[in-house]
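Okay, structure first, notes after.
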Amino acid sequence: MSLLVVGLSHRTAPVSVLERAALSEDARTKLLQDTLAAEPAAEAAVLATCNRIELYADVDKFHAGVAELSTLLAQHSGVGLDELTPHLYVHYEDRAVHHLLSVACGLDSMVVGEGQILGQIKDALALGQDLHTAGRMLNDLFQQALRVGKRAHSETGIDRAGQSLVTFGLAQLAPTTGPLAGRRALVVGAGSMSSLAAATLARAGVRSLVIANRTAERAERLAHLLAEQGTEARAIAMSEVPAALAEADIVVSCTGATGLVLTADDLRRAAGGRAQGATLAVLDLAMPRDVDSAAHRLVDVHLVDIETLAAASADAPMAADVDQVRAIVSEEVEAFGAAQRAARITPTVVALRAMAADVVAGELSRLDGRLPDLDDKQRAEITQTVRRVVDKLLHAPTVRVKQLAGEPGGAGYADALRELFDLDPQAVAAVSRAERPVVQVSHNGIEELR
């Protein structure tokens with residue numbers, strides 16, 4: 001089996017295609033289940049953010065895997081396969097590992113170096129674990145991606161190369177808003193991105209924050225947290241958004257809605273009641289979009305959305321630390337490959353030692369029948385001697401074969417070992433199933449053994 005990723009992102013697809021291909025949580029669940037049911041795939045995980053959709057799978061056939069994963073992405077995204085295919089990219093084996101680790105470090109983000117992607121990778125892993133579609137290989141890969149992403153942020157200055165999408169978006173509004181301190185803000189949505197936006201605005205010193213969300217409890221909880229930190233904040237129902245728009249200087253929207261949340265008419269009316277020359281600043285971070293793109297044509301509204309950010313980020317400066325992060329990624333890709341190759345031979349080595357132990361036990365049993373007068377001390381000495389001889393004979397070859405298996409092309413050593421010692425394939429498979437427990441990453445970030 002080999003790792004395969006098929007996906008599309010802001011680098012390969014226009015925002016209009018990404019917007020239509022966006023997957024709801026239910027769609028991600030169904031996509032994973034259907035991928036696992038497909039013949040070429042043994043494991044699956046999906047990474048879906050506002051600017052990328054990627055399907056990871058452990059497949060036994062490359063061409064069949066690409067065809068199947070591409071078809072499944074088209075079916076569940078609602079974008080026809082013929083239209084979707086030109087925007088898809090494919091990475092296989094080490095290149096697939098390199099891609100995910102680069103994504104985890106923020107190298108492939110719209111805003112280079114942003115750290116929010118780590119939370120999204122953690123969510124992707126948690127969903128795969130909850131649905132039992134992420135097996136041992138994808139668990140290892142995604143957990144390594146999380147560790148490498150954290151390493152990149154702690155060991156380098158990659159954070160200086162970029163900002164979060166929220167910070168970058170607010171920076172694009174700066175010509176309109178000026179300093180945020182003293183401004184009145186409305187945040188529509190109370191999910192992770194909206195909460196980050198609210199916290200960023202609060203740190204910037206806005207005069208007041210209004211939080212609107214379809215689930216009132218989430219809006220109230222976020223408003224309460226902000227109020228505890230000294231920001232004037234309150235929660236409102238979605239029906240109160242039009243009135244709140246009229247009072248806001250800046251609006252940030254990021255919901256999971258599939259349709260428009262703020263129409264051009266809503267914004268026109270809100271902007272119309274302002275003092276002459278006053279402009280309403282609107283940041284739309286949702287995918288698909290929350291705000292009608294027609295608002296770009298309104299004189300008194302400054303709208304920044306994902307499409308605007310994609311264009312602006314193309315000119316963002318790259319920090320020298322990016323090269324250091326790339327070196328870390330290359331080092332970790334090699335380490336992951338070596339670990340996976342070595343792990344593949346471990347069940348064979350364990351099965352070999354188990355077979356040797358059975359042979360020793362059988363011979364000692366025969367010895368008991370032929371020399372029944374041995375006392376316990378003599379029997380213990382003979383047993384220890386025989387086991388020591390077998391251990392010494394197996395030690396060097398099993399250690400060496402693990403080392404060789406960790407090198408490129410080392411997979412054949414496991415086959416050779418099974419052939420030379422006539423090991424039962426079922427015994428090797430049984431060891432594979434009984435290997436170390438999986439680390440469960442829950443949605444709140446706690447790691448448990450499962």
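Just the heavy atoms: all of them, side chains too, but no hydrogens, waters or symmetry mates, feed the values below.
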Test item: Thr133 side-chain N/O and Ala44 main-chain N/O as donor-acceptor pair under 3.5 Å = yes
query = Can you check whether His87's main-chain N or O pairs, donor with acceptor, with Thr12's side chain at less than 3.5 Å?
reply = yes
ask   = Do Glu114 and Ser109 have a side chain donor and acceptor closer than 3.5 Å?
value = yes
key: Working for side-chain contact (heavy atoms from CB on, under 4.5 Å), residues Leu3 and Leu138   = CA-CA 8 Å; Leu3 177 65; Leu138 287 182; 3.7 Å; yes
ask   = Hey, which of Leu260, Leu283, Val301, Leu267 is the one that makes side chain to side chain contact (heavy atoms under 4.5 Å, CB included) with Val291?
value = Leu267
ask   = Val6 versus Leu72: any side-chain heavy-atom pair under 4.5 Å?
value = no
side-chain contact (heavy atoms from CB on, under 4.5 Å) between His132 and Leu36, intermediate numbers included = CA-CA 10 Å; His132 305 292; Leu36 207 62; over 6 Å; no
side-chain contact (heavy atoms from CB on, under 4.5 Å) assessment of Ser2 paired with Phe62 = CA-CA 8 Å; Ser2 300; Phe62 172 73; over 6 Å; no
message = Using 0.5 Å steps for rounding, measure from the CG atom of Leu32 to the CG atom of Leu55.
response = 7.0 Å
task = Without swapping roles, check the side chain of Glu43 against the backbone of Asp58 for a donor-acceptor pair under 3.5 Å.
result = no
query = So, are Arg234 and Glu240 salt-bridged, with charged N and O less than 4.0 Å apart?
reply = no
query = Among side-chain atoms of His224 and Glu228, is any donor-acceptor pair under 3.5 angstrom?
reply = yes
Spacing of NE2 belonging to His153 relative to SG belonging to Cys105, to within rounding of 0.5 Å = 7.0 Å
inquiry  = If I take atom CG from residue Leu201 and atom CG from residue Leu226, how far apart are they, to the nearest 0.5 angstrom?
reply    = 9.5 Å
Gln120 side chain reached by Ser192 side chain, heavy atoms, under 4.5 Å = no
Donor-acceptor contact present, side-chain Asp266 to main-chain Thr263, <3.5 Å = yes
ask   = Which heavy-atom pair separates Ala104 from Ile117 by the least distance, and what is that distance?
value = O-CG2, 3.7 Å
request  = Let me see the working for Arg289 and Glu19 under salt bridge (Lys or Arg N to Asp or Glu O under 4.0 Å), right down to the final yes or no.
outcome  = CA-CA 7 Å; Arg289 70 182 75 231; Glu19 187 176 42; 2.7 Å; yes
note = What one should report as the nearest heavy-atom pair of Ala41 and Val59 is CA-CG1, 4.3 Å
Point-to-point distance, once rounded to the nearest 0.5 Å, from OH of Tyr56 to CG of Leu100 = 4.0 Å
query = Quick check: does any side chain N or O of Glu332 sit under 3.5 Å from a backbone N or O of Leu101, one acting as donor and the other as acceptor?
reply = no
task = Walk me through it: do Val188 and Met238 pass the test side-chain contact (heavy atoms from CB on, under 4.5 Å)?
result = CA-CA 8 Å; Val188 183; Met238 291 295 291; 3.8 Å; yes
ask   = Does a side-chain heavy-atom distance below 4.5 Å link Leu118 with Leu146?
value = yes
task = Kindly compute the distance separating CG (Leu23) from CG (Leu73), expressed to the nearest 0.5 Å.
result = 7.5 Å
message = Would the distance check show the side chain of Arg183 and the main-chain N or O of Thr177 forming a donor-acceptor pair, the cut-off being under 3.5 Å?
response = yes
request  = Working to the nearest 0.5 Å, report the span between CG of Asp284 and CD of Glu307.
outcome  = 11.0 Å
query = Sub-3.5 Å donor-acceptor pair from the side chain of Arg52 to the main-chain atoms of Asp108, do we have one?
reply = yes
ask   = Considering only heavy atoms from C-beta outward, does the side chain of Val66 approach that of Tyr92 to under 4.5 Å?
value = no
ask   = Does the Ser195 side chain pair with the main chain of Gly191, one donor and one acceptor, at a distance under 3.5 Å?
value = yes
ask   = If you measure only the distance, is there a donor-acceptor pair under 3.5 Å linking the side chains of Thr308 and Asp305?
value = yes
Minimum side-chain heavy-atom gap Met287-Thr49 below 4.5 Å = no
Minimum heavy-atom distance Ile211-Ala198, with the two atoms named = CD1-CB, 4.2 Å
key: Chi angles and distances behind the side-chain hydrogen bond (donor to acceptor under 3.5 Å, both in side chains) call for Glu54, Tyr89   = CA-CA 9 Å; Glu54 297 178 343; Tyr89 48 80; 2.5 Å; yes
inquiry  = Within the supplied structure, the quantity of interest is the number of heavy atoms (other residues, nucleotides, ligands) at a distance under 6.0 Å from Arg214 CZ; does it exceed 12?
reply    = no
task = Would you check if Ser70 and Leu81 make a side-chain contact, meaning some heavy-atom pair closer than 4.5 Å?
result = yes
inquiry  = Donor-acceptor check, side chain of Thr156 to backbone of Ile158, threshold 3.5 angstrom: yes or no?
reply    = yes
task = Can you see which heavy atom on Val329 is nearest to which on Ser102, and at what distance?
result = CG1-OG, 3.7 Å
inquiry  = Please check this pair: side chain of Asp290 against backbone of Thr255, looking for a donor-acceptor N/O pair closer than 3.5 Å.
reply    = yes
query = Is there a side-chain contact between Arg326 and Val322 (heavy atoms, below 4.5 Å)?
reply = yes
inquiry  = Are the side chains of Asp292 and Asp265 in contact, using a 4.5 Å heavy-atom criterion?
reply    = no
